[in-house]
Amino acid sequence: MGVSVLAAGLLLAALLLPNQPDLLTPTAFLRLPGEGILLAAVLLVLPPRARRTGAVAVGVLIGLVALLKCVDMGFYSVLFRPFDLVLDWGLLGNAADYLRETSGRAGELAALTGALLLAVAALALTTGATVRLTTLMARHRARAVRVVLVLGTAWITCVVLGLRSGGVPVASTLDADLLGDRAKQVRVSLADARLFRREAAVDAFADTPPGKLLTGLRGKDVLFTFIESYGRSAVEDPGMAPRISAVLRRGTAALRAAGFRARSGWLRSPVTGGGSWLAHSTFLSGLWVNNQQRFRTLTSSDRTTLTGAFRRTGAWRTVGVVPGVLVAWPEGRFFGLDHVYDGHHLDYHGPDFGWSQVPDQFTLETFRRREFGKRGRGPLMAEIILTSSHYPWAPVPRPVDWAALGDGSVFQQIRRDGKTEQEVWRSPQSVRAEYRASVEYSLNSLVGFLRRYGNENTVLVFLGDHQPVPTVTANSPRKDVPVTLVARDPKVLDRISGWGWTEGLKPAENAPIWAMNSFRNRFLKAFGPQPG
């Protein structure tokens, strides 16, 4: 009898398990699952020969849906959305790569083995429990029919009366609703490839002669710099905004003293929590790239990217500085980069900082030494990815004297003094504090670089790629990120005077919010030939 009670409890828990972590509360399990009552009725009316087969099928189905809900919870925790059954399988590989880079090969294998064992165990347990309860119901058929009728009547009564527990209906249809939504999502995802191809076929700058591209920036060094996870929450959340605002305010004053002016606005990213490469490609391509299928389609095309437009002119050397890339990166050619400095080619011999392989200050100094500071060079366009503010923000590097950076060994003691991931992730407050510190470090590094090495021909565009994970944003649905253009030449800022951006490094709350894929066209138009 005790085993049967456990089996019933297991199936009830699987049926009522929510697919979002913030809904995982005790009251979530104080409900009547309509699917369970209906499936029990179906199994009771099946003939004996088909009943066992049906019980196995129902048990496997319950187990699969429970596993899907567990995967959903993982996606909601990082990306603030459910798992896409068509488009998201490639992201599981990215998750494995992240585990390998942060926990080593052994940690990756342990996590993958644990996940596989959990999946097998879940399916075995739900199937075994369903078979056992079905056998018990068949053995006591009359009593089972009465129980199902009572539960069915209770479920209908709860629907009619609108009874709720913990803010949700007592009469649950969680799994049915989940499967219905997922069926709609599958149809949309399957059609997404055709939709994206139609969107990509429209390119306002595909046939623009090289001589008419970026004429307003000729002779300038243009640096497009992404700050990892630098989102609107960093600038406006009451728990983080005072410190970040102070950094931006001091940075604005320091750059103004050096002769620079800045304008800032907002971009709406296609992703949140992760998927940086999707945001990068959206910004550079002028297309909305919010899944891996779109990314693969884009990078196998001949689309004109923002960085590629600089190369097309023949007036700039184009380079990419991507410290987070540790494997072959053929996409660099698609983005029009003459040379790429990945994580293995930055001459860094210091420690890593969580996922980030190279502190931002060292990344910028290496770029200066390898490219920006060369004498007698021509104009330069660079795409620079700063990774120190990447999840899990443990530990966070600290600024050092630029002249003392050397080969990066100076960061050894800073790494030893830093907090571990276990210390940081003991509470949401600690996570938010370290995220804020990481963004401060990235911003200070970038402002320090520009003050130290920038000149009248330097134009910097820097932006966040996406909002951080929901633990930091408190589940905010906003996907906005700050974007800023800095230059010493007033003619450069005159070109964007009609954008309505805020003066300084901090965008105002009511500054324009553009979809990130609109930036390419706006930028190329602003810095192309002007009418009249």
Side-chain angles (χ1 to χ4, degrees), residues 5-44 54-88 115 118-119 121-134 137 144 147-189 470 475 477:
V5 171
L6 287 176
L10 172 67
L11 292 179
L12 185 64
L15 288 166
L16 294 176
L17 178 71
N19 71 330
Q20 299 182 40
D22 56 317
L23 299 179
L24 192 60
T25 62
T27 56
F29 298 93
L30 301 177
R31 306 166 68 191
L32 287 174
E35 304 90 346
I37 298 169
L38 177 62
L39 290 171
V42 170
L43 290 173
L44 277 172
V56 171
V58 167
V60 170
L61 176 61
I62 293 173
L64 288 174
V65 174
L67 288 173
L68 176 59
K69 289 188 282 190
C70 289
V71 175
D72 273 358
M73 280 196 276
F75 269 67
Y76 271 108
S77 297
V78 178
L79 302 179
F80 201 52
R81 64 171 178 82
F83 177 70
D84 190 308
L85 287 166
V86 175
L87 302 174
D88 279 344
L118 175 64
L123 291 174
L125 287 171
T126 54
T127 302
T130 305
V131 170
R132 181 176 185 87
L133 289 182
T134 301
M137 288 192 302
V147 170
V148 169
L149 287 173
V150 169
L151 290 175
T153 302
W155 188 89
I156 294 172
T157 302
C158 291
V159 171
V160 172
L161 297 178
L163 297 181
R164 302 178 75 84
S165 171
V168 294
V170 173
S172 167
T173 55
L174 174 65
D175 287 5
D177 294 340
L178 178 72
L179 292 177
D181 291 342
R182 212 48 61 93
K184 295 176 184 176
Q185 180 194 63
V186 166
R187 290 196 297 272
V188 171
S189 297
N475 294 325

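What you see is a predicted model, and the numbers here were worked out from it, not measured in a lab.
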### Message
For the CE atom of Met137 and the CG atom of Leu44, what is their distance to the nearest 0.5 Å?
### Response
4.5 Å
### Task
Test side-chain contact (heavy atoms from CB on, under 4.5 Å) on Leu6 and Leu10 and set out the steps.
CA-CA 6 Å; Leu6 287 176; Leu10 172 67; over 6 Å; no
### Message
Which residue in the set Arg182, Arg81, Gln20 passes side-chain hydrogen bond (donor to acceptor under 3.5 Å, both in side chains) when paired with Asp72?
### Response
Arg182
### Message
Go through it in stages, so that I can follow the logic: the residues are Trp155 and Thr173, the test is side-chain contact (heavy atoms from CB on, under 4.5 Å), and I'd like the CA-CA distance, side-chain angles, deciding distance and then a yes or no.
### Response
CA-CA 10 Å; Trp155 188 89; Thr173 55; 3.4 Å; yes
### Task
First locate atom CG of Leu163, then atom OG1 of Thr157, and finally report the distance between them rounded to the nearest 0.5 Å.
8.5 Å
#### Entry: Heavy-atom closest pair, residues Phe29 and Ala13
CE2-O, 3.6 Å
### Message
Checking side-chain contact (heavy atoms from CB on, under 4.5 Å) between Val56 and each of Thr130, Thr127, Thr134, which is the one that passes?
### Response
Thr127
#### Entry: Glu35 versus Ala176, closest heavy-atom pair with distance
OE2-N, 2.8 Å
#### Entry: Approximate separation, where rounding is to 0.5 Å, of Leu151 CG and Ile37 CD1
5.0 Å
### Task
Rounded to the nearest 0.5 Å, what's the gap from CG on Leu133 to CG on Leu43? Could you check?
10.0 Å
### Query
Which value, rounded to the nearest 0.5 Å, describes the distance between Ile62 atom CD1 and Leu15 atom CG?
4.5 Å
### Candidate pair Leu68 and Phe83, rule side-chain contact (heavy atoms from CB on, under 4.5 Å), full reasoning
CA-CA 8 Å; Leu68 176 59; Phe83 177 70; 4.1 Å; yes
### Query
Testing Leu179, Asn19, Val60 for side-chain contact (heavy atoms from CB on, under 4.5 Å) with Val65, which one passes?
Leu179
### Query
Stepwise, does the side-chain contact (heavy atoms from CB on, under 4.5 Å) test hold for Lys69 with Asp175?
CA-CA 9 Å; Lys69 289 188 282 190; Asp175 287 5; 2.8 Å; yes
### Message
What's the separation between atom OH in Tyr76 and atom CG in Leu23, rounded to the nearest 0.5 Å?
### Response
8.5 Å
### Task
Can you see which heavy atom on Asp84 is nearest to which on Asp88, and at what distance?
N-OD2, 2.7 Å
### Message
So Leu123 and Leu64, do their side chains get closer than 4.5 Å, heavy atoms only?
### Response
yes
### Message
Would you say that Cys70 contacts Leu17 through its side chain, given a criterion of any heavy-atom pair below 4.5 Å between the two side chains?
### Response
yes
### Message
Do Pro33 and Leu12 make a side-chain contact, defined as non-hydrogen atoms from C-beta onward lying under 4.5 Å apart?
### Response
yes
### Task
Of all the heavy-atom pairs spanning Ala171 and Cys158, show the shortest one and how long it is.
CB-CB, 3.9 Å
### Task
May I ask you to decide if Gly59's main-chain N or O and Thr126's side chain share a donor-acceptor pair within less than 3.5 Å?
yes
